[in-house]
Structure formats: C-alpha cells, structure tokens
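One structure below.
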Amino acid sequence: MTLRITDTISIEDWEITEQFTQSGGPGGQNVNKVATAVELRFEAERSPNLPAPVKARLRRLAGRRWTRDGAVLIQVSETRHQARNRDIARDRLAALLRDAAHRPKRRIATRPTLGSKKRRLKAKKVRGEVKSLRGRVDPD
C-alpha cells in the first residue's frame, strides 16, 4: 500500500516500518495484554522518492523526531485501538511530508516608506518627552 503525499511524491511500504508496544493510560487490565501503541519509522535519508530539498526541509521540520541515521520516528498511543493509532501515525507522517514538500515563498526585501519613518521618529520623540518628564521635580 503506497502512501500518497503529493502528485509527485509517494512513499512505498518498504520505507516505513511499524513497531507495536504496550501503551499506558486508560484501558484497565487490557492495557497489560495488548500492544496498541505504534512507533512508525520512515527511512527519509535513504528514500529515493524524496528530492534533496524536501529532505532538507523535512530534517528541519522533524526536529527531535529525526534520528542520527536519517529516519523520522513518530510515536502514537492516543487511542486503545492499534489500527486507529497506526492510521494517526501515517496521517502525521503524511502531514509532515506535505509541509516539507511545500517550498516557502522567497521574501522580497522592501524599504520603509518616508511616511513610516517620520511616524516612527515622531513616536520616539513623544516617548522621550514622556520619559524626560518623569525625572525629579525641582523645588524652584
């Protein structure tokens, strides 16, 4: 089952490994018997489907979830159902990859207008006058 991210990017099953563990939280005695928490591991660095700029943005966006060997780890233990946790983890991975695939718009440097410069200087002058009036009052 291929995970589709965008029109050009899709993730193959061999790039994703899932490991199920016991999770804490509500569930009574059933929590001790069933492995419902999922740890999804995506080998991002080795993925042939991700272009280099997307990998670089993914590394920055993933933060602590990025491992030393170039994988993205996503841990989910929100629900008591293994299948639902698995779907949540895959959705989070897809959202993270969609964000990384989006190229940010380049910022165009602009200069402040003459009016805005004058307003800023006038505000500074007014503020300075207010502060100068806070000084000690002369008895004369």
Side-chain angles (χ1 to χ4, degrees):
M1 186 176 126
T2 305
L3 185 64
R4 254 183 111 60
I5 307 303
T6 63
D7 295 337
T8 56
I9 299 173
S10 60
I11 303 303
E12 301 298 327
D13 273 344
W14 66 267
E15 299 176 85
I16 297 174
T17 55
E18 294 165 333
Q19 189 174 356
F20 299 99
T21 58
Q22 291 180 350
S23 64
Q29 295 173 351
N30 197 45
V31 155
N32 300 326
K33 295 185 284 185
V34 183
T36 56
V38 65
E39 183 180 277
L40 185 139
R41 182 181 178 93
F42 170 57
E43 300 295 335
E45 197 67 47
R46 296 188 304 158
S47 175
N49 300 322
L50 289 181
V54 175
K55 285 181 188 177
R57 285 192 294 270
L58 177 63
R59 184 178 194 153
R60 187 175 41 81
L61 286 172
R64 289 186 352 216
R65 294 175 288 190
W66 185 273
T67 63
R68 284 193 187 119
D69 54 329
V72 176
L73 282 179
I74 297 177
Q75 296 173 332
V76 178
S77 61
E78 287 182 11
T79 67
R80 289 195 241 169
H81 305 284
Q82 187 184 72
R84 183 69 190 120
N85 281 338
R86 187 174 181 229
D87 291 340
I88 292 170
R90 285 178 174 257
D91 290 343
R92 285 186 189 170
L93 176 65
L96 189 65
L97 287 170
R98 240 178 257 113
D99 289 346
H102 176 72
R103 190 164 73 207
K105 214 163 88 173
R106 278 194 65 196
R107 183 188 179 281
I108 299 170
T110 58
R111 292 175 54 193
T113 62
L114 182 64
S116 68
K117 286 181 187 176
K118 287 183 178 180
R119 283 190 298 274
R120 182 180 65 87
L121 292 174
K122 183 180 177 193
K124 283 171 71 83
K125 191 167 286 196
V126 169
R127 193 77 193 135
E129 288 174 8
V130 167
K131 288 186 175 187
S132 68
L133 292 174
R134 287 189 191 149
R136 189 164 280 190
V137 178
D138 199 20
D140 292 338

Would you indicate whether the side-chain heavy atoms of [Y] and [X] approach each other to under 4.5 Å?
{"X": "Glu78", "Y": "Asn85", "result": "yes"}
{"X": "Thr67", "Y": "Leu73", "result": "yes"}
{"X": "Arg103", "Y": "Arg57", "result": "yes"}
{"X": "Gln82", "Y": "Val38", "result": "no"}

Taking Glu45 for the side chain and Asp69 for the main chain, is one N or O donor matched with an acceptor at less than 3.5 Å? no
With sequence neighbours excluded, what pairs up with [X] under the side-chain hydrogen bond (donor to acceptor under 3.5 Å, both in side chains) test?
{"X": "Gln75", "value": "Glu39"}
{"X": "Glu43", "value": "Arg41"}
{"X": "Ser47", "value": "Glu15"}
{"X": "Thr110", "value": "none"}

Salt bridge (charged side-chain N to carboxylate O under 4.0 Å, His left out) filter on Arg59, not counting sequence neighbours, yields none
Residues that Arg86 engages under salt bridge (charged side-chain N to carboxylate O under 4.0 Å, His left out), provided they are two or more places apart: Glu18
Between [atom1] of [X] and [atom2] of [Y], what distance do you get to the nearest 0.5 Å?
{"X": "Ile88", "Y": "Ile74", "atom1": "CD1", "atom2": "CD1", "answer": "12.0 Å"}
{"X": "Arg90", "Y": "Ile16", "atom1": "CZ", "atom2": "CD1", "answer": "4.5 Å"}
{"X": "Leu133", "Y": "Glu129", "atom1": "CG", "atom2": "CD", "answer": "7.5 Å"}
{"X": "Leu40", "Y": "Gln19", "atom1": "CG", "atom2": "CD", "answer": "11.0 Å"}
{"X": "Leu114", "Y": "Arg119", "atom1": "CG", "atom2": "CZ", "answer": "9.5 Å"}
{"X": "Leu58", "Y": "Arg65", "atom1": "CG", "atom2": "CZ", "answer": "9.0 Å"}

For Val54 and Ala100, the nearest pair of non-hydrogen atoms, with its separation, is O-CB, 3.8 Å
Taking all heavy atoms of Ile9 and all of Leu50, pick out the closest pair and write down the distance. CG2-CD2, 3.7 Å
Would a hydrophobic clustering, with Ile, Leu, Val, Met, Phe, Trp and Tyr connected at side-chain separations under 4.5 Å, put Trp66 with Leu97? yes
Count the heavy atoms of every other residue, nucleotide or ligand shown that sit under 6.0 Å from CZ of Arg46, and state whether that count exceeds 12. no
